[in-house]
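Encoded as structure tokens, the structure appears first; notes follow it.
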Amino acid sequence: MPQLIFDGNIDNEHSLFNYFKTPTEDNGSSRVPVNNLEPQHQLQFYQDTLKQLTNELLQVEDELSNIRYILAASSDPILITDPDAKIIYVNPAWEKLTGYFIDEVIGNNPKILQSGKTPRVVFKKMWQALSKNLPFSTEEVIDKRKDGTEYQIYSAYFPVTKNGRTLYYVQIQHDITERKKLEDLKGQFLSMAAHELKTPITTLKLLSQAHLAKYKKFGADQISNEELELMNKELNRLVRLIDDVLDDARIENGKLNLKLEVIDLNELTKNVVTKMSQIATNHKIIFSGSPKLPAIADEQRIEQVLINLITNAIRYSKPNSRIEVSLKQVKNQIRIAVKDYGVGISPDKFTSIFERFYQVNNHSNTGFGLGLYISKEIIDAHKGKIWVESEINTGSIFYFSIPLLKA
Ligand code: ADP
């Protein structure tokens, strides 16, 4: 019997499909048309051919389903269209990214995803490349999900062709929304950092020049305490900003090393409140604790979190308003709360305020949007939790908890 070989190429002259056009059977050195054979041999030939064809088809089907498995296993979204740009396949990663199910999009044009924010020139360049059977890639596509939210993707498009004819267009995507967001934030951060650092430096420079002139003319007596305090305040602000940037770099490099020891959190919090009350004379900071709440913690880092939260409470509330710092045991945790009666935060910002560089409004004269991010990293490193409850124009309570050291 002849060997039927299906090599996947439907134009190959030895292919299964061509074989049916002019069925022949090898007979020694020559190939004999099947029609010339005895009827029982003809029947046998067709039975064998059919069997072989079935096997071949099963194998092709197997290979196709393997390809489907490979596409489905990809963690990057994949979309395939026919030559008329109608969607014929999307993988589960694509469904997850866009919120659409495969059945909802089959037959549609990928235009359904357009947000209107992708520069038109991108699509123009894409079609120019694809029409010449060339691949094209871009980081400029901003699409929208089924729920209307937007995402930015790296997209690689390539045509699948056969004998010069386009069969499919394949688009492999990679979600770069977070990376782009961070890049934007970093850009904003750099210009903000330059501005924020320049302000205290300029003030310090002017003050020190004025003091020097006064000192030379009238001696040290003429320099008032207020003037020196102002310099001290600006210097502290500068140091705090630089510390935040350094801590941010430590976190990035995984080097926020804790110096763990047994500390009494009640004592530490009380001391921080006393210290802050002396500085922030425009606010009433009230402490209520519970004796002996030991924890294994880094004293300086927990103090830093407390200072961050109390400083924010001062910053975002009116002078003379109360700030309540309390501490209690809740199950096997020590829970600390810093409550203010200030501007408050809307619930949709409760998560983002703990993100790197995030600021609700660009308040001037504050920080870099790093304080809560660093605080969260510190508390996470203590296997604790930090969160907020707040209402706009009523005030906020920032909580954090860390494990209590059992006696
Ligand atoms: P920043 O140094 O800019 O204050 P943070 O990370 O400390 O950065 O805070 C992030 C944002 O969270 C702030 O820009 C502010 O809008 C908001 N926020 C923090 N604490 C409070 C608070 N107690 N009351 C109201 N808003 C707050």
Side-chain angles (χ1 to χ4, degrees), residues 181-182 184-200 233-234 236-252 256 269 272-273 276-277 279-280 282-287 301-326 336-381 385-400:
K181 216 161 91 183
L182 208 60
D184 282 355
L185 283 172
K186 270 191 177 164
Q188 283 171 25
F189 169 74
L190 282 180
S191 53
M192 179 176 72
H195 175 78
E196 290 289 326
L197 293 174
K198 222 176 135 190
T199 313
K233 209 175 126 201
E234 291 300 315
N236 284 340
R237 192 152 91 87
L238 202 57
V239 170
R240 210 188 56 236
L241 290 172
I242 292 168
D243 278 348
D244 276 1
V245 175
L246 290 176
D247 275 345
D248 176 56
R250 282 190 195 107
I251 293 167
E252 271 279 271
L256 193 75
T269 312
V272 172
V273 169
M276 296 291 288
S277 302
I279 306 167
N282 280 337
H283 280 81
K284 291 189 199 78
I285 312 179
I286 294 151
F287 172 75
R301 289 296 183 185
I302 296 293
E303 183 176 317
Q304 184 181 350
V305 175
L306 284 164
I307 293 174
N308 269 343
L309 298 184
I310 299 172
T311 308
N312 277 347
I314 295 168
R315 253 188 219 158
Y316 301 108
S317 65
K318 287 209 178 91
N320 296 322
S321 62
R322 280 157 68 99
I323 291 166
E324 294 156 16
V325 181
S326 59
I336 292 144
V338 178
K339 179 172 182 176
D340 66 61
Y341 296 87
V343 295
I345 302 160
S346 76
D348 60 314
K349 308 280 189 314
F350 285 0
T351 314
S352 6
I353 53 169
F354 293 99
E355 284 169 12
R356 199 172 172 211
F357 307 135
Y358 189 88
Q359 292 186 305
V360 176
N361 299 308
N362 272 337
H363 308 278
S364 62
N365 212 8
T366 58
F368 288 152
L370 284 172
L372 289 178
Y373 163 73
I374 294 169
S375 300
K376 184 174 170 359
E377 290 291 325
I378 293 173
I379 297 303
D380 284 352
K385 271 167 77 178
I386 185 164
W387 69 101
V388 64
E389 284 170 8
S390 185
E391 208 177 303
I392 288 282
N393 294 332
T394 305
S396 313
I397 313 176
F398 280 83
Y399 294 98
F400 73 88

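The basis for the numbers below is simple: all heavy atoms, side chains too, and nothing from hydrogens, waters or symmetry mates. When a ligand or atom number is given, it counts from 1 through the structure's own listing order.
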Return yes when Phe398 approaches ligand 1 closer than 4.0 angstrom through a heavy atom, no otherwise.
-> yes
Could you walk me through whether Asp243 and Arg240 pass salt bridge (charged side-chain N to carboxylate O under 4.0 Å, His left out), step by step?
-> CA-CA 5 Å; Asp243 278 348; Arg240 210 188 56 236; over 6 Å; no
Any idea which atoms of ligand 1 are less than 4.0 Å away from a heavy-atom of Leu372?
-> 5 (P), 6 (O), 7 (O), 9 (O), 10 (C), 12 (O), 19 (C)
Worked check of salt bridge (charged side-chain N to carboxylate O under 4.0 Å, His left out) between Arg301 and Asp247 = CA-CA 11 Å; Arg301 289 296 183 185; Asp247 275 345; 3.0 Å; yes
Option passing side chain to side chain contact (heavy atoms under 4.5 Å, CB included) with Leu241 (candidates Leu246, Leu370, Asn236, Leu197) | Leu197
Of all residues at least two apart in sequence or in a different chain, which pass the salt bridge (Lys or Arg N to Asp or Glu O under 4.0 Å) check with Lys181?
-> Glu178
Residue Val343 vicinity, atoms of ligand 1 by number, heavy atom under 4.0 Å = 25 (C)
Proximity flag Ser396 to ligand 1, non-hydrogen atoms under 4.0 Å = yes
Heavy-atom contacts with Arg315 under 4.0 Å: which atoms of ligand 1 show up? List them by number with element.
-> 1 (P), 2 (O), 4 (O)
At a non-hydrogen distance cut-off of under 4.0 Å, which region of Asp244 contacts ligand 1 (side chain, backbone, both, or neither)?
-> neither
Mind checking ring pair (Phe, Tyr, Trp, His ring centres under 6.0 Å) for Tyr399 and listing every partner two or more places apart, or none if nothing turns up?
-> Trp387
Select one of side chain, backbone, both or neither to describe which atoms of Val360 lie under 4.0 Å from any atom of ligand 1, heavy atoms only.
-> both
With heavy atoms under 4.0 Å as the rule, classify the contact between Lys349 and ligand 1 as side chain, backbone, both or neither.
-> neither
Pick, from Tyr373, Phe350, Tyr358, Phe357, the option with the minimum heavy-atom distance to atom 11 (C) of ligand 1.
-> Tyr358
Donor-acceptor under 3.5 Å (Asn308 side chain, Gly371 main chain) | yes
Side-chain ion pair, Glu377 and Arg250, N-O less than 4.0 Å | no
For Gln359, the ligand 1 atoms whose distance to one of its heavy atoms is below 4.0 Å | 1 (P), 3 (O), 14 (O)
Please work out whether any backbone atom (N, CA, C, O) or any side-chain heavy atom from C-beta onward of Leu309 is under 4.0 Å from ligand 1, and answer side chain, backbone, both or neither.
-> neither
Using atom types as modelled and distance alone, determine if a side-chain donor or acceptor of His283 lies under 3.5 Å from a backbone N or O of Ser277.
-> no
